[in-house]
Asker: 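Before anything else, here's the structure in question.
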Amino acid sequence: MTRPKISLMEAYMIETMRVNGITNEEIIAGVKAKDVSGWKQINEKFDFEQLVALAEKDLAAFEKVIHDGYTVKFVTVGGLERLLSLKFGKEAGKDYQKQQAGVIDLNLDEPALNELKQILSLNWKVEDGAEGISVLLKDQKDFS
């Protein structure tokens, strides 16, 4: 089953709302009503109207994003760290070690690891080895 693809910013907005106690149903209701003004207090820099626009393109796909998950179209190294924090509550130095091309020694349980694999764009490789989980950018040769 393929998941709908969303932007990194859309993922940030969704996960930030969840961290702040907004339920999936509240997210969907707010987007359907085109009333996202109350979310501005969560993060004034976010343009939550982007979620309204996403839902207007395909409401069923938006609801699938909220209820079943998503894949981010393109994730940067910084984006990976922010997603680990927002979605999984993981901190650098405590739950993983930062690297120039990603993270190593990541501490995630199996369901969270499977979710992370689904979220990440194709430019990442996830390996669960003896030293722990590593999430690193793919080398150019890995794309052939």
Asker: Taking all non-hydrogen atoms of both residues into account, name the closest pair between Gly69 and Pro4 and its distance.
Answerer: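 So the minimum-distance heavy-atom pair works out to O-CD, 3.7 Å.
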
Asker: Main chain of Tyr12, side chain of Glu15: is a donor-acceptor contact present, judged purely on distance under 3.5 Å?
Answerer: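 Absent.
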
Asker: So which atom in Leu51 and which in Met17 form the shortest heavy-atom distance, rounded to 0.1 Å?
Answerer: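 Smallest interatomic distance, heavy atoms only, reads CD1-CE, 3.4 Å.
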
Asker: Please name the pair of heavy atoms, one in Lys90 and one in Leu106, separated by the smallest distance, quoted to 0.1 Å.
Answerer: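 Shortest heavy-atom contact: CG-CD1, 4.5 Å.
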
Asker: Please round to the nearest 0.5 Å and tell me the distance separating atom CG of Leu108 and atom CG of Leu113.
Answerer: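 One gets 6.0 Å once the value is rounded to the nearest 0.5 Å.
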
Asker: Out of curiosity, Ile119 CD1 to Arg3 CZ, how far, rounded to the nearest 0.5 Å?
Answerer: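 Here the rounded value is 6.5 Å.
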
Asker: Can you tell me which residue among Leu136, Val135, Val77 is in a side chain to side chain contact (heavy atoms under 4.5 Å, CB included) with Val103?
Answerer: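 Per the side chain to side chain contact (heavy atoms under 4.5 Å, CB included) rule, the option paired with Val103 is Val135, out of Leu136, Val135, Val77.
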
Asker: Answer yes or no: is there a side-chain heavy-atom contact under 4.5 Å between Glu81 and Val75?
Answerer: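 The answer is no, as the side chains (C-beta and beyond) never meet within the 4.5 Å cut-off.
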
Asker: Can you name the closest pair of heavy atoms from Gly89 and Asp95 and give their distance?
Answerer: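 Taking Gly89 first and Asp95 second, the nearest heavy atoms are O-OD2, 3.9 Å.
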
Asker: My understanding is that only residues two or more places apart in sequence, or in another chain, count here; which of them pass side-chain contact (heavy atoms from CB on, under 4.5 Å) with Thr23?
Answerer: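 For Thr23 the side-chain contact (heavy atoms from CB on, under 4.5 Å) partners, ignoring immediate neighbours, are Glu25, Glu26.
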
Asker: How many angstroms lie between atom CG of Asn107 and atom CG of Leu84, to the nearest 0.5 angstrom?
Answerer: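 So the CG of Asn107 and the CG of Leu84 are separated by 11.0 Å.
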
Asker: Give a yes or no answer on whether the side chain of Thr71 reaches the backbone of Gln118 with a donor-acceptor pair at less than 3.5 Å.
Answerer: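 Yes; at least one donor-acceptor contact below 3.5 Å.
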
Asker: Working to the nearest 0.5 angstrom, can you tell me the gap between Ile28 CD1 and Ile66 CD1?
Answerer: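 Going from the CD1 atom of Ile28 to the CD1 atom of Ile66 covers 6.0 Å.
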
Asker: For Glu127, check side-chain hydrogen bond (donor to acceptor under 3.5 Å, both in side chains) against everything at least two apart and list the hits.
Answerer: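 Residues passing side-chain hydrogen bond (donor to acceptor under 3.5 Å, both in side chains) with Glu127: none at all.
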
Asker: What are the two closest heavy atoms between Leu80 and Gly102, and how far apart are they?
Answerer: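 In this case the closest contact between Leu80 and Gly102 is CD2-CA, 4.2 Å.
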
Asker: Quick check for you: to the nearest 0.5 Å, what is the distance between Gln50 atom CD and Ile6 atom CD1?
Answerer: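 Reported to 0.5 Å precision, the distance equals 10.5 Å.
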
Asker: Group every Ile, Leu, Val, Met, Phe, Trp and Tyr by side-chain heavy-atom contacts under 4.5 Å, then state whether Ile133 and Leu83 land in the same group.
Answerer: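 In one cluster with Ile133: Leu83, yes.
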
Asker: If we ignore hydrogens and angles and just use 3.5 Å, is the side chain of Lys64 paired with the main-chain N or O of Asp68 as donor and acceptor?
Answerer: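 Judged by distance alone, no pair lies under 3.5 Å.
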
Asker: Does a side-chain heavy-atom distance below 4.5 Å link Leu8 with Lys73?
Answerer: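 They are not in contact (no side-chain heavy atoms under 4.5 Å apart), so the answer is no.
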
Asker: Please examine the side chains of Leu116 and Trp124, heavy atoms only from C-beta on, and report whether any two atoms are closer than 4.5 Å.
Answerer: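 The answer is no; the side chains never approach within 4.5 Å.
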
Asker: Is the NZ atom of Lys34 crowded by more than 12 outside heavy atoms at less than 6.0 Å?
Answerer: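 No, the 6.0 Å shell around NZ holds no more than 12 heavy atoms from other groups.
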
Asker: Taking the side chain as C-beta and beyond, is there a heavy-atom pair between Gln97 and Asp105 under 4.5 Å?
Answerer: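 Gln97 reaches Asp105 side chain to side chain.
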
Asker: Excluding sequence neighbours, so at least two apart, what forms side-chain contact (heavy atoms from CB on, under 4.5 Å) with Gln41?
Answerer: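 Per chain and number, Gln41 pairs via side-chain contact (heavy atoms from CB on, under 4.5 Å) with no residue.
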
Asker: Can you sort out the partners of Val36 under side-chain contact (heavy atoms from CB on, under 4.5 Å), two or more places apart, ordered by chain and number?
Answerer: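 side-chain contact (heavy atoms from CB on, under 4.5 Å) list for Val36, sorted by chain: Trp39, Phe48, Glu49, Val52.
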
Asker: Using a cut-off of 6.0 Å, state whether more than 12 heavy atoms not belonging to Lys5 lie near its atom NZ.
Answerer: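 Open: at most 12 neighbouring heavy atoms sit under 6.0 Å from NZ of Lys5.
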
Asker: Which heavy-atom pair separates Val65 from Arg18 by the least distance, and what is that distance?
Answerer: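 Where Val65 meets Arg18 most closely, the heavy atoms are O-NH2, 4.2 Å.
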
Asker: Is the shortest heavy-atom distance from the side chain of Val72 to the side chain of Leu120 under 4.5 Å?
Answerer: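 The answer is no, as the side chains (C-beta and beyond) never meet within the 4.5 Å cut-off.
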
Asker: Linking I/L/V/M/F/W/Y whenever their side-chain heavy atoms sit closer than 4.5 Å, directly or via other members, would Leu54 and Leu59 fall into one cluster?
Answerer: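 Hydrophobic grouping puts Leu54 apart from Leu59.
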
Asker: If you look only at pairs with a residue in residues 68-114, which of them pass as a ring pair (Phe, Tyr, Trp, His ring centres under 6.0 Å), with sequence neighbours excluded?
Answerer: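 Pairs touching residues 68-114 that pass the test: none.
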
Asker: According to side-chain contact (heavy atoms from CB on, under 4.5 Å), who are the partners of Thr16, at least two apart in sequence or on a separate chain?
Answerer: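 For Thr16 the side-chain contact (heavy atoms from CB on, under 4.5 Å) partners, ignoring immediate neighbours, are Asn20, Ile42, Phe46, Leu86.
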
Asker: Once rounded to the nearest 0.5 Å, what's the spacing between atom OG of Ser7 and atom CE of Met13?
Answerer: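 That separation rounds to 6.0 Å.
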
Asker: Are the charged groups of Lys32 and Glu63 less than 4.0 angstrom apart, N to O?
Answerer: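 Result for this pair is yes, salt bridge flagged.
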
